[in-house]
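One structure is given here, and the rest of the page talks about it.
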Amino acid sequence: MVSDFQNSVYSVCKQIPPGRFSTYGRIAQVLNTSPRAVGGALKRNPYAPQVPCHRVISSNFSLGGFYGEMESAKKIEMLRSEGIEFDKEFRVEKKYRDLIFEEFKESNNQ
DNA sequence: CTTTTGGCGCTTC
DNA sequence: GGAAGCGCCAAAA
């Protein structure tokens, strides 16, 4: 079962192009909701490749709580193949932090 | 830099 | 209907 709320979250998430990333809080701001609700929706993401939930991280540039440590390494690998590199603290490297995607179109939703 | 605190929208029980 | 728990966050200490 996919709720309308989930679809709206996925709709925003799909706007993130390769090589860019965003945060739960920023998406929550776009949808006028809370970060936890966004995390909850992305966790149950049934459209794995289409909706790039791996490009959504936490606001402090770390990964968030999604999988185990082993699986989170896989996320880092994915994002690295798109051009974003992480450091040993599982955080986005400083020089890539400007690549955060902010240009969301709200006309898609609402 | 770290930890605590309070609040948030949504899903699940 | 109510209550508890999340892939969180910002501010304060």
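These figures come from a predicted structure and were not determined experimentally.
In this structure, A:Y10 has its ring center under 6.0 Å from that of A:Y47.
Rounding to whole angstrom units, CG of residue A:N45 and P of B:dC10 are separated by 18 Å. Atom CG in A:L63 sits about 19 Å away from atom P in C:dC6, given to the nearest Å. At whole-Å resolution of the value, CD1 in A:I76 and C1' in C:dG7 are 14 Å apart. In this entry the distance linking CE of A:M1 with C1' of B:dT11 reads 12 Å, nearest Å. At whole-Å resolution of the value, OH in A:Y24 and P in C:dC9 are 8 Å apart. Going from atom CG of A:L31 over to atom P of B:dC8 covers 18 Å, rounded to whole Å. Between the C1' atom of B:dG9 and the CG atom of A:D4 lies a distance of 15 Å, rounded to the nearest Å. The interatomic distance linking A:K43 (NZ) with C:dG5 (C1') rounds to 10 Å, in whole Å.
A:S3 has a side-chain polar atom (N or O) that falls below the 4.0 Å cut-off from OP1 or OP2 of B:dT11. Checking the phosphate oxygens (OP1, OP2) of B:dC10, no side-chain nitrogen or oxygen of A:S34 falls inside 4.0 Å.
Side-chain atoms of A:A37 lie closest to B:dG9 of the nucleotides B:dG9, C:dC6, C:dA10. Distance from the side chain of A:R36 is smallest for B:dC8 among the nucleotides C:dC9, B:dC10, B:dC8.
Counting any heavy atom pair closer than 4.0 Å across all strands shown, A:G40 reaches no nucleic acid atom.
Salt-bridge check for A:E85 with A:K95: failed, with every basic side-chain N at 4.0 Å or more from each acidic carboxylate O.
Taking the P atom of each, C:dG7 and B:dT5 are spaced 23 Å apart, rounded to whole Å. Separation of the C1' atoms belonging to C:dG5 and B:dC8 is 13 Å when rounded to the nearest angstrom.
Between the CE atom in A:M78 and the CD1 atom in A:I84 there is a gap of 12.5 Å [rounded to 0.5 Å]. In this structure, CD1 on A:I100 lies 5.0 Å from CZ on A:F21, to the nearest 0.5 angstrom.
Look at B:dC10: its Watson-Crick or wobble partner, with both distances under 3.5 angstrom, is C:dG5.
Mapping A:Q6 and A:P35 onto DNA chain B by nearest heavy atom places A:P35 closer to the 5' end of the strand.
Residue A:V51 is tested with A:N45, A:V56, A:V9 for a side-chain contact (heavy atoms from CB on, under 4.5 Å); the sole match is A:N45.
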